[in-house]
Amino acid sequence: MAKSITPRSQDYSRWYTDIVLRAELADYAPVKGCMVIRPYGYSIWEKMQRELDDRFKATGHLNAYFPLFIPESFLKKEAEHVKGFAPECAVVTHGGGKPLEEPLYVRPTSETIIWNTYKGWIHSYRDLPLLINQWCNVVRWEMRTRLFLRTTEFLWQEGHTAHATEEEARSETMRMLEVYRDFAEGVMALPVVPGRKTENEKFAGAVETYSIEAMMQDRHALQAGTSHYLGQNFAKAFDVQYQDAGGQLQYVHATSWGVSTRLIGALVMAHSDDQGLVLPPKLAPIEAVIVPIWKDDATKTLVLQAARALAADYPRRLAIRVDDREGFNPGWKYNEWEMRGVPVRIELGPRDLQAQQVVAVRRDTGEKLKVPLGDAIPRVTSLLDEMQAGILKKAKAFLDAHTRPIDTYAEFRQFHETGSGFANAHWCGSADCEKSVAEETKATIRNIPLSAPEQPGRCVRCGQPSARRVLFAQAY
RNA sequence: CGGGGUGUAGCGCAGUUUGGAUAGCGCGCGUGCCUUGGGAGCACGAGGUCGCCGGUUCGAAUCCGGCCACCCCGACCA
């Protein structure tokens, strides 16, 4: 079976799609722009959910669920918000065989219906802060879709919080951005650049939007998470006021923040290779697979016995598998599990049994190690830790190698013509320059990195004074 | 919405130019044998409204008209 993956170097886009399909993360669905998330892909999402949800709970948030359908009038209450979302909404006009009194929008995001509800929940400063998260699906009618990266329907979480003061809401915005950064690096092994979005790129309805930006292997940027300070925009649109300790009515200050199944696409594009998926161990549904090798019935019995005993001792029983399928030779199985990104393969055959050892193979480097049978489990565990760190280190080195300061427009243009990565360049702050650069180079301002020091310079496009460098890149 | 491409078995394709009898091939799938240290082998077998609708014709996967769907590339977006 010619089960090869299109090489990255030949066609990056095909390579990505091949991996998603062949590793059985997702399938195309009968509806345009929609996908089926297969069990293996969904398992990865469940692991992400668990990690994120624990972090949300640890920072005081509770989960709730709001409706899928949003009355048209709600969406229209916040002017900027409706301008941003109306064009990409699916609208239900009929129900029960009859036209509806008021069309219902399928949520593209839930700010409006949530703030309509918060109005009834918030009356006093004692009701604040209100810290709620929701796991759900949303629909955005995109022109062009790609598996995980941009689909018409996707799964995500959206946090929606209400605070008494601007200061507290701003601090929540930054706190959750940091949760995302920590998750991306610590769990996904994905180094990111946290920063503030420009006026042009921010969320419709926000005062300020922050993002974490990751670099894919084609050196394009992918927005991996967002956190918004919404100011009092939604509080005013939905009339959400509280009485402060002095008895005065005040509008609350809001935030919202989210990450989506797009992160699975980021995972694929950041770490995988021409053999298939590479998963950071912390997100791998199967951490290790044992491939038994036998010659005849006698060795088969012994080898399988040893393999099953090893698996039975593994501390996370569901995360290890013995591939005892008949009719597939070991080489076939090696390729199969590499395709699916299982971090550690354990080869166990008659020769190993003779030597009381196993051969452990790392998915990320292909390195083969002989390990005494008795040390196999602790060694696999330590290997997983080494791989988690190794994958992050490799991704970080890649990001650093393709990020650099650029000061002249000639060099800037050439850098982006060759798709060379992240450019830190000065920008005067004008939307015109931002737009010109995008038209001329396809690079956009991904964000203004939080780490960017105050450093006077001149705008790379127009030469006007600039206070700091911003991050320019071609983006997904 | 513009440009390009593709619709024939679960997947990948041939056949369409030049209409003709039972629509083929590889992989996968089922059964049996054999095999297993990097994608094995043999045998038998199951599996099709040729994307849809209409037309031309004695006869259409093939020609004509219309429609639909999906993929890739661009403009919008997480």
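Numbered from 1 within each chain, the chains take letters A, B, ... in sequence-line order.
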* To do: Calculate the interatomic distance between A/W332 atom CH2 and B/G28 atom P; express it in whole Å.
  =>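 Atom-to-atom, A/W332 to B/G28, this comes out as 9 Å.
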* Asked: Which residue lies toward the 5' end of RNA chain B, A/Y334 or A/A224, if each is placed at its nearest nucleotide?
  ->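 With A/Y334 and A/A224 compared, the 5'-side residue is A/Y334.
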* To do: Nearest-nucleotide wise, let me know which of A/F148 and A/D352 is further upstream toward the 5' end of RNA chain B.
  =>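 That would be A/D352.
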* Aromatic A/F328 / basic A/R325 pairing, under 6.0 angstrom, 45° off normal ->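 Yes, a cation-pi geometry holds between A/R325 and A/F328.
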* Please determine if A/R340 forms a cation-pi arrangement with A/Y40, meaning its NZ or CZ atom is less than 6.0 Å from the six-membered ring centre and no more than 45° off the ring axis. =>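 Yes, A/R340 lies over the aromatic ring of A/Y40.
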Which nucleotide in [options] has an atom nearest any side-chain atom of [X]:
X      : options             : result
A/K368 : B/U36, B/G38, B/A78 : B/G38
A/Y28  : B/G38, B/G39, B/C71 : B/C71
A/Q223 : B/U36, B/G37, B/A78 : B/A78

* **Side-chain (A/R22) to main-chain (A/L277) donor-acceptor, under 3.5 angstrom** =>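 No, the answer is negative, given that no donor and acceptor are paired below the 3.5 Å cut-off.
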* To do: Give a yes/no answer on whether the side chain of A/S13 brings an N or O atom under 4.0 Å of OP1 or OP2 in B/C73.
  =>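 A/S13 to B/C73 OP1/OP2: side-chain N or O found under 4.0 Å.
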* Taking OP1 and OP2 of B/G74, is either one under 4.0 Å from a side-chain nitrogen or oxygen of A/R144? ->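 Checking B/G74 against A/R144, a side-chain N or O does come within under 4.0 Å of OP1 or OP2.
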* Picking from A/L353, A/V322, A/I293, A/V291, what satisfies side-chain contact (heavy atoms from CB on, under 4.5 Å) with A/L348? ->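 With A/L348 as partner, side-chain contact (heavy atoms from CB on, under 4.5 Å) holds for just one option, A/L353.
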* To do: Decide yes or no, distance alone: a donor-acceptor N/O pair under 3.5 angstrom between the base of B/G39 and the side-chain of A/Q275.
  =>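 Donor-acceptor pair under 3.5 Å: no.
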* B/A78 versus B/G24 - spacing of their C1' atoms, nearest Å ->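 About 46 Å, rounded to a whole number of Å.
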